[in-house]
Amino acid sequence: MPDSPRDTAHDSRPARTRAGGELFTEERSAEVVAASFARTPDPRLEQVITSLVRHLHAFVKDVELTEEEWGAAITFLTRTGQMSDDVRQEFILLSDVLGVSMLVETINHRTGGTSTESTVLGPFHMVESPPRELGENIALDGKGEPCLVTGRVTGPDGEPLAGALVDVWQANDDGFYDVQQPGVQPERNLRGLFTADGDGRFWFRSIVPRHYPIPDDGPVGELLAATARHPNRPAHVHFIVTAPGHRPVTTHLFVAGDPYIDSDAVFGVKESLIRDFPVVDDPARAVEVGLPNPFRTVHFDVTLLRADQAPPAAQPADVQPTVVHGAPGGRVS
Ligand SMILES: [Fe+2]
């Protein structure tokens, strides 16, 4: 029997005009939205965006997000973008305090326990470090507790890497980098690019670093305050160490005993990167190294992987950790 207009108007059955697409429901929201990306030409983009959708939907369902909370989140992210410019990147800061920066860094620089571990680059390597002679003092502002930093760069089998480049930078005794205080600190204060000697050794004079707060006068600072978190990073010296034929490492040297060593605002601390900075009370040695007596000292050996033995840049999350044969205690990568 043919449909009359009146019959159609009173038909309560679902219209069947769709081409096989599934309508949005609370129960199947993630699957429905993920399916909308099925024709993405770039397979990696499809993998990333559909995984993001699934996790976002799971999160919203987990906390049963209210409309007010959703609005607050949009406002927070908007303000985070508005706070960002050429010298202030509030989104990176947000990534840092959520531990995402550190997770991306760690996933992409697995060492398998066979070389010096990496950590975040941080935002203050924005100028090139000046080349300096071994033994030179990088503390140009005369502040802080004098410290002799020594170390050796080797390959994975302990072979010295002569001529390795050791790029270092750190905050001053007030907890600021030179680039944060133009006109206050000398230019290139507490920065240096050193070339290791024929035995892979490097040494320079500096000060014991101090802990400092990340910028907390924006939305990320408000987030930290609202969650009773402090903004501080434990005291550290930044290093980038490079040598031909080897994988470079970007890392920190942390001061043992720092009050924030277990609560770094950006989660950058790794156990293998913490060192004692013992006091040396030896007038003759002080004269020899060119520091007032007594002074502090720290030793930091750096091991680089060969370029051809580098682990994969990334592994799918469902791959089981692999045992590194020959590593102490059968450590996993
Ligand atoms: Fe830093």
Side-chain angles (χ1 to χ4, degrees), residues 101-102 104-138 147-170 177-179 187-206 209 236-254 268 270-275 289 297-315 322 324-328 331-333:
S101 303
M102 196 56 195
V104 172
E105 164 75 26
T106 302
I107 286 172
N108 284 276
H109 296 277
R110 296 184 177 106
T111 67
T114 57
S115 65
T116 298
E117 290 192 286
S118 64
T119 188
V120 286
L121 173 66
F124 297 115
H125 192 252
M126 54 177 65
V127 293
E128 285 192 8
S129 299
R132 298 191 192 278
E133 297 296 318
L134 290 170
E136 219 174 305
N137 196 341
I138 64 172
C147 181
L148 175 68
V149 182
T150 61
R152 190 170 183 230
V153 186
T154 61
D157 300 318
E159 67 278 22
L161 298 181
L165 291 177
V166 181
D167 187 349
V168 298
W169 68 104
Q170 68 177 84
Y177 289 83
D178 56 349
V179 291
E187 250 184 57
R188 305 296 196 266
N189 188 32
L190 291 157
R191 295 179 190 270
L193 179 64
F194 296 93
T195 303
D197 71 7
D199 201 27
R201 295 184 190 281
F202 64 89
W203 63 95
F204 60 91
R205 289 171 289 160
S206 184
H236 58 271
V237 181
H238 292 262
F239 281 77
I240 296 176
V241 181
T242 59
H246 291 74
R247 276 174 68 93
V249 67
T250 298
T251 193
H252 295 6
L253 164 62
F254 290 96
K270 291 179 177 173
E271 192 72 40
S272 68
L273 304 176
I274 303 172
R275 294 290 183 281
V289 302
T297 187
V298 64
H299 190 80
F300 186 48
D301 288 334
V302 176
T303 305
L304 301 183
L305 290 173
R306 284 190 300 273
D308 63 3
Q309 72 171 130
Q315 297 176 4
T322 51
V324 176
H325 298 290
R331 294 178 63 177
V332 297
S333 60

Using modelled atom types only, decide if a donor and an acceptor are shared between the side chain of [X] and the backbone of [Y] within a distance under 3.5 Å.
X	Y	value
Arg132	Phe194	no
Thr119	His252	no
Thr154	Thr303	no

Asp178/Arg188 salt bridge by N-O under 4.0 Å criterion: no

State which residue, out of His125, Arg191, His238, fulfils the side chain to side chain donor-acceptor pair (under 3.5 Å) condition with Asp167. His125

Any side-chain heavy atom of [X] within less than 4.5 Å of one from [Y]?
X	Y	result
Ile138	Gln170	yes
Leu193	Val166	no
Pro156	Thr114	no
Val302	Val249	yes
His299	Asp301	yes

Give the C-alpha distance, both sets of side-chain angles, the deciding distance and a yes or no for side-chain contact (heavy atoms from CB on, under 4.5 Å) between Asp197 and Leu134. CA-CA 8 Å; Asp197 71 7; Leu134 290 170; 4.0 Å; yes

Give the intermediate values and the outcome of side-chain contact (heavy atoms from CB on, under 4.5 Å) for residues Thr251 and His109. CA-CA 11 Å; Thr251 193; His109 296 277; over 6 Å; no

Closest non-hydrogen atom pair between [X] and [Y], with its separation:
X	Y	answer
His236	Tyr177	NE2-OH, 3.2 Å
Gly158	Arg152	O-NH1, 4.4 Å
Ala243	Ala164	CB-CB, 4.1 Å
Ser129	Val168	OG-O, 3.7 Å
Leu305	Ser115	CG-OG, 3.5 Å
Ser272	Glu117	OG-OE1, 2.6 Å

Gap separating the [atom1] atom of [X] from the [atom2] atom of [Y], nearest 0.5 angstrom:
X	Y	atom1	atom2	answer
Ser118	Leu273	OG	CG	8.5 Å
Glu128	Trp169	CD	CH2	12.0 Å
Met102	Ile107	CE	CD1	11.0 Å

For atom CD of Glu159, is the number of surrounding heavy atoms from other residues, nucleotides or ligands below 6.0 Å larger than 12? yes

Residues Val153, His246; criterion side-chain contact (heavy atoms from CB on, under 4.5 Å); working and verdict: CA-CA 11 Å; Val153 186; His246 291 74; over 6 Å; no

Before giving the answer on side-chain contact (heavy atoms from CB on, under 4.5 Å), spell out for Val179 and Val127 the whole-Å C-alpha distance, their side-chain angles and the decisive distance to 0.1 Å. CA-CA 8 Å; Val179 291; Val127 293; 4.0 Å; yes

